[in-house]
Protein chains: 2
Amino acid sequence: MARITKPESCMRCPYKSEYLSLLDAKDINLIQENCIIVHFRKGETICKQNTDVTHALYLAKGTVKKYIEGKSKNLILKIISSGKYIGLQTLFGTLIYNYTVTAIEDSMVCMINSNFFVELTKQNPEFLFKITQTISTSTNYVYKKISDINQKQLRGRLADTILYFSETVYKSNEFEFKLTRRELAEFSSMSMENAVRILTEYRKEGIIITKGRYIKILQPDLLRKLSEIG
Amino acid sequence: MARITKPESCMRCPYKSEYLSLLDAKDINLIQENCIIVHFRKGETICKQNTDVTHALYLAKGTVKKYIEGKSKNLILKIISSGKYIGLQTLFGTLIYNYTVTAIEDSMVCMINSNFFVELTKQNPEFLFKITQTISTSTNYVYKKISDINQKQLRGRLADTILYFSETVYKSNEFEFKLTRRELAEFSSMSMENAVRILTEYRKEGIIITKGRYIKILQPDLLRKLSEIG
DNA sequence: GGTGGTCATTGATATATATCAATGTTTTAT
DNA sequence: ATAAAACATTGATATATATCAATGACCACC
């Protein structure tokens, strides 16, 4: 199970959020007091769809997937890496999670009492402004996602997914990625079998090399073309 | 073409946003100075996907549709009625519209210089907080939409759409709605022909009555059931 | 007051995508 | 180390949904 500790010093924490630079020492100490650190193991759930929002979640270390659960299938919205807050919009909105977050590698999450956190933003306009920008950017990302799902078909969507991992998550043309084929499919909004099939197609077409969960993109421009065409 | 005027008095305007109550007279006057009123006729475009964001948009009067344009088909995200801001998240995000907004009835839009507006939020934490809440709520709505599109099939999605108009837009079990069948389909993410077919099915099943663009819901509970089942 | 144009409806057909099934491979747990 | 479980792959089939086609109804506009 997840192990819980208390922060020793948020101020000197090597994993601290860059947003903390917008707060003074007093407020950072208050955060520390209102914070617990939870160490999640790979596969453990950090927050669960349809439950109450009680904390602001900051991913200090690790990688998680954020996804919408459905009756028959899930939709993975994004992969979040360390140094980011998870789902700020739920703090200012309905206060019910409309998604689930699960660790895809061992992760360290700072959980800050949500009432305290929201009050803190009210006292610190610059901090709030930054958060508003983050929420807005995240909203725009979901717009892109909904648009892609609506407009593109399988090959285009899988191209999107490969590019997302290459450009946004691993920032490299070759990477060993952490998702199973099923998760890859859930990210691309398609069945697992079709994700596998299209990966094979792309490999046979000389666009990528795959070996297990290792992917190397040989023709990134062609992949971008495929993403555009849809 | 759209007719442009200057506001006479935002303070005494009967259509003014409730958010203005969070600002003092000085700031409301500043808004007035930085604002032009544009009167759009039905069918005219208020802001266009992929263009720069230069103004905050407030819908004082009328009704508009907000949609994502695609190569072959559009996806209508929501119908916005008077008294709401349109797309606040683009002001704090990329500054490029990732959607298009078009009037579906004659509309009056207050366009406030975006740099001024953003600065104003920085000076007024309560105002900013309210806006952040609005953006967050809107984000949660898009989450719901993307989830529905991903999980449900045609009949479930059309049930969602009818319920949306009944519960959110017209707040009644019978209404003459303003969208064409094509737009109804674009809202439900399906082809126009299938939207028509399912409307006919629902009529034959005694769930609704339709006559042109008039709809009366006979069995709202059944419709909700269909929405749930997907 | 006709007339061109979008809108609406229905049936037939094509296509994209999911599901089912069989089999081999890799993890994970004991 | 070995069994069990989850994962990956491929082909065959079923199904949901879009597209095409034909026709009638309803509007806006000279």
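Below, chain A is the first sequence line, B the second, and so on; all start at residue 1.
Rounding to whole angstrom units, CG of residue Leu199(A) and C1' of dT9(D) are separated by 11 Å. The nearest whole Å value for the distance from the CZ atom in Arg213(A) to the P atom in dA6(D) is 14 Å. Residue Glu186(A) contributes atom CD, which lies 12 Å from atom P of dA8(D) at whole-angstrom precision. Rounded to an integer number of Å, the gap from Tyr214(B) OH to dC7(C) C1' is 21 Å. Between Arg182(A) atom CZ and dT25(C) atom P there is a gap of 20 Å when expressed in whole angstrom units. Nucleotide dC7(D) holds its C1' atom 13 Å from the CG atom of Leu184(A), rounded to whole Å. A straight line from CG of Asn150(B) to P of dT17(C) spans 13 Å, rounded to a whole angstrom. Atom-to-atom, CG of Leu179(A) to C1' of dA6(D) comes out at 16 Å; the value is rounded to the nearest Å.
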Got a list of protein N/O to nucleotides 18-21 of chain D N/O distances below 3.5 Å?
{"from": "dA18(D)", "atom 1": "OP2", "to": "Ser191(B)", "atom 2": "N", "distance (Å)": "3.3"}
{"from": "dA18(D)", "atom 1": "OP2", "to": "Asn194(B)", "atom 2": "ND2", "distance (Å)": "2.8"}
{"from": "dA18(D)", "atom 1": "N7", "to": "Asn194(B)", "atom 2": "ND2", "distance (Å)": "3.4"}
{"from": "dT19(D)", "atom 1": "O4", "to": "Arg197(B)", "atom 2": "NH2", "distance (Å)": "3.0"}
{"from": "dC20(D)", "atom 1": "N4", "to": "Glu193(B)", "atom 2": "OE2", "distance (Å)": "3.1"}

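Using a 4.0 Å cut-off between charged side-chain N and carboxylate O, Lys144(A) and Asp148(A) make a salt bridge.
The main-chain N or O of Gly70(A) is never found under 3.5 Å from a side-chain atom of Lys73(A) such that the two would form a donor-acceptor pair. Looking at Ser166(A), its side chain never comes within 3.5 Å of a backbone N or O of Ile162(A) through a donor-acceptor pair.
Between Tyr67(A) and Thr100(A), the closest side-chain pair of non-hydrogen atoms falls below 4.5 Å. Put simply, the side chain of Arg157(A) reaches to within 4.5 Å of the side chain of Met190(A), judged on heavy atoms.
Within the structure, ring-ring contact (aromatic ring centres under 6.0 Å, His included) contacts touching residues 201-220 of chain A (residues at least two apart or in different chains) do not occur. Within the structure, ring-ring contact (aromatic ring centres under 6.0 Å, His included) pairs that include any residue of residues 75-97 of chain A comprise Tyr19(A)-Tyr85(A), Tyr58(A)-Tyr85(A), Tyr85(A)-Phe117(A), Phe92(A)-Phe129(B), Tyr97(A)-Tyr99(A) (at least two apart or interchain). Within the structure, salt bridge (charged side-chain N to carboxylate O under 4.0 Å, His left out) contacts touching residues 50-68 of chain A (residues at least two apart or in different chains) are Lys65(A)-Glu183(A).
In the set dT28(C), dA8(C), dA16(D), dA16(D) carries the atom at the smallest distance from any side-chain atom of Gln153(B). Here dT9(D) is the nucleotide among dT10(D), dT9(D), dC7(D) with the atom lying nearest to any side-chain atom of Arg181(A). Residue Arg203(A) has its side chain nearest to dT10(D) when only dC7(D), dT10(D), dC7(C) are considered.
Evaluation of the ring pair (Phe, Tyr, Trp, His ring centres under 6.0 Å) rule for Phe187(B) yields Tyr164(B), Phe165(B) as partners, not counting sequence neighbours.
The phosphate of dT10(C) (OP1 or OP2) has a side-chain N or O of Thr200(B) nearer than 4.0 angstrom.
Contacts of Arg155(B) with the nucleic acid, taken as non-hydrogen atoms under 4.0 Å apart, are absent.
For the helix from dG1(C)-dC30(D) to dT30(C)-dA1(D), the axis fitted to the five pairs at one end and the axis fitted to the five pairs at the other end meet at an angle of 60° (nearest 10 degrees).
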